[in-house]
Amino acid sequence: MIHVEVRPGAYADSVALLQVSRDVAALDGVHRAQVAMATPLNVEVLAGMGFEVPPATPNDLVIALDADDIDAALAAVTAALGSRRSLAEDRAVAARTTRSALREGGDLVLVSVPGASATVEAMDALEAGCDVMIFSDNVPVAEEVALKQYAATRGLLVMGPDCGTAVVGGVGLGFANVVGPGPVGLVAASGTGCQQLLCLLDAAGAGVSQALGVGGRDLSSEVGGLATREALRRLDGDPSIKRIVLVSKPPAPEVADDLRAFAATLTTPVTFALLGPGEPDLTAAAESVLRELDRGIPAWPARGQATPARAGLLRGLFVGGTLCTEATLIAAQSLPSNAFSMIDFGDDEYTQGRAHPMIDPTLRLVHLSEALANEATGAVLLDVVLGHGAEPDPAAALAPLISDATVPVLVACVGTAADPQ
């Protein structure tokens with residue numbers, strides 16, 4: 001039986017709802033279960049799964065079930081929701097706001113709230129003299145500029161918005177791979193670009209002491225590299241760092257030129273890994289760093305067998321925006337624009353009311369199933385990003401789809417031997 005129910009005004013965190021969905025879907029007699037906020041994107045996903053959602057607003061909770069015993073499944077949803085709320089209450093601390101938490105001290109604040117509320121929390125942190133990492137996405141660019149301009153007047157660092165990865169003082173923040181310390185420091189205007197370099201350097205035995213994310217828009221014309229300059233200054237002052245790497249999605253040319261000039265004034269050499277037409281890809285950038293450090297370049301691991309793609313569209317379905325950009329640039333070198341299609345499911349338009357696809361792969365799985373069933377598909381590109389914060393077992397859902405595929409599927413796995421997966 002199929003049952004769809006809307007509970008008006010029953011807000012819950014997207015990551016908590018993901019876990020509720022998984023817990024209920026794992027029960028005997030439950031074939032499908034999705035519990036999510038009724039954002040337009042989530043309603044579209046539910047429709048693609050065959051559920052008909054009645055009129056609802058993004059502030060409403062929708063429960064969609066396909067189960068033998070709907071009453072039992074609904075009771076399980078209610079129990080799971082109550083359990084998550086109790087757990088959150090048990091873990092609650094006395095501080096209810098950034099301002100009150102800072103009375104206990106500290107020098108770095110991590111903000112992970114809905115984007116509409118992130119700026120207020122970040123400004124409270126800056127006014128208290130703290131650096132801030134804004135994990136939140138969907139923050140207006142004008143607010144990002146205001147935060148970073150204010151931070152610049154006080155010598156503070158704003159990492160983000162949409163800063164997914166950082167390593168500060170040897171501690172990974174956000175989506176973090178497990179790597180050892182070493183002579184490299186990263187400044188990253190891209191989350192998965194940072195992770196890819198972390199993992200490539202780790203595979204070559206070159207550790208990374210610090211990785212400071214600055215948000216994917218920092219090298220845009222609007223933001224002008226404000227956080228990147230501060231991050232470069234800080235790494236230049238760290239005596240353990242012998243080489244700085246700046247990695248970014250395609251930057252504004254004038255910002256890139258200004259940063260090259262600024263880097264020339266620093267004591268520590270800076271390697272630029274700026275994606276764009278005619279620029280080296282991330283693997284080539286990692287190899288360049290290794291040569292500069294007089295380290296050997298390993299044989300990068302590859303598994304499986306290459307099979308010819310059939311005539312048709314090259315489909316890229318990515319959870320990492322930088323890897324999606326890199327694949328687009330490479331494809332454009334030899335294919336016409338109508339011969340390939342790349343989607344970054346971590347983009348803001350796909351994460352409103354949903355957890356990041358590295359946590360919740362549902363949306364990509366729907367698109368992957370459709371792509372593999374489409375006779376117009378010639379080959380599929382995927383990324384799988386490991387590390388703390390990411391999905392604990394990404395292979396469990398991907399493997400059944402890939403094993404039945406009749407077209408080649410190429411997977412870029414970003415991870416280290418020490419990652420929890």
For [X], what residues pass the side chain to side chain donor-acceptor pair (under 3.5 Å) criterion, not counting sequence neighbours?
X      : answer
Ser220 : Glu222
Thr228 : Asp218
Ser240 : Asp238
Arg22  : none

| request: Can you establish whether the number of heavy atoms outside Glu127 located under 6.0 Å from its atom CD is more than 12? | output: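 Yes, because the 6.0 Å sphere around CD of Glu127 holds more than 12 heavy atoms from other groups.
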
Item to check | salt bridge (Lys or Arg N to Asp or Glu O under 4.0 Å) partners of residues 273-299, not counting sequence neighbours, each pair once | outcome: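 Passing the test, one end in residues 273-299: Arg243-Glu292.
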
Practice problem: Return each pair, listed once, that meets salt bridge (Lys or Arg N to Asp or Glu O under 4.0 Å) where at least one residue sits in residues 333-358; pairs must be two or more places apart or across chains. | Solution: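 Pairs touching residues 333-358 that pass the test: Arg354-Asp360.
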
Using only atom types and a distance under 3.5 Å, with no angle test, would you say the side chain of [X] pairs donor to acceptor with the backbone of [Y]?
X      : Y      : value
Ser209 : Gly182 : yes
Thr165 : Phe175 : yes
Ser369 : Leu365 : no
Asp383 : Ala412 : no
Lys148 : Gly160 : yes
Arg154 : Leu126 : yes

Test Ile402 against Val411 for side chain to side chain contact (heavy atoms under 4.5 Å, CB included), laying out the working first. CA-CA 10 Å; Ile402 293 174; Val411 181; 4.2 Å; yes

Next item on the list: Quick one: do Leu398 and Arg364 satisfy side chain to side chain contact (heavy atoms under 4.5 Å, CB included)? Show the steps, please.
Entry: CA-CA 10 Å; Leu398 282 171; Arg364 181 169 74 164; 4.0 Å; yes

**OP:** Decide side chain to side chain contact (heavy atoms under 4.5 Å, CB included) for Thr153 and Gln149; before the verdict, give the C-alpha distance in whole Å, the side-chain angles of both, and the deciding distance to 0.1 Å.
**Re:** CA-CA 7 Å; Thr153 67; Gln149 287 178 338; over 6 Å; no

Enumerate the side-chain hydrogen bond (donor to acceptor under 3.5 Å, both in side chains) contacts for residues 252-270, please, sequence neighbours excluded, ordered by first and then second residue.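 Those involving residues 252-270 are Ser221-Glu254, Asp236-Thr268.
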
Practice task
Using the side-chain hydrogen bond (donor to acceptor under 3.5 Å, both in side chains) rule, collect all pairs that involve residues 410-421, keeping only residues at least two apart or in two chains.
Solution key: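 Every side-chain hydrogen bond (donor to acceptor under 3.5 Å, both in side chains) pair that includes a residue of residues 410-421, provided the two are not neighbours, is Asn177-Asp419, Thr416-Asp419.
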
Tell me every residue that passes side-chain contact (heavy atoms from CB on, under 4.5 Å) with [X], counting only those two or more places apart in sequence or in another chain.
X      : value
Asp107 : none
Pro298 : Ala204, Leu290, Trp300
Asp393 : Ala395, Ala396
Pro58  : Thr39, Pro40

> side chain to side chain contact (heavy atoms under 4.5 Å, CB included) between Thr351 and Asn138: does it pass, once the steps are laid out?
Replying inline: CA-CA 8 Å; Thr351 58; Asn138 289 291; 3.8 Å; yes

Spatial distance of atom [atom1] ([X]) from atom [atom2] ([Y]) [nearest 0.5 Å]:
X      : Y      : atom1 : atom2 : answer
Ile330 : Leu381 : CD1   : CG    : 9.5 Å
Lys249 : Glu326 : NZ    : CD    : 12.5 Å
Leu232 : Arg234 : CG    : CZ    : 12.0 Å
Gln19  : Leu81  : CD    : CG    : 12.0 Å

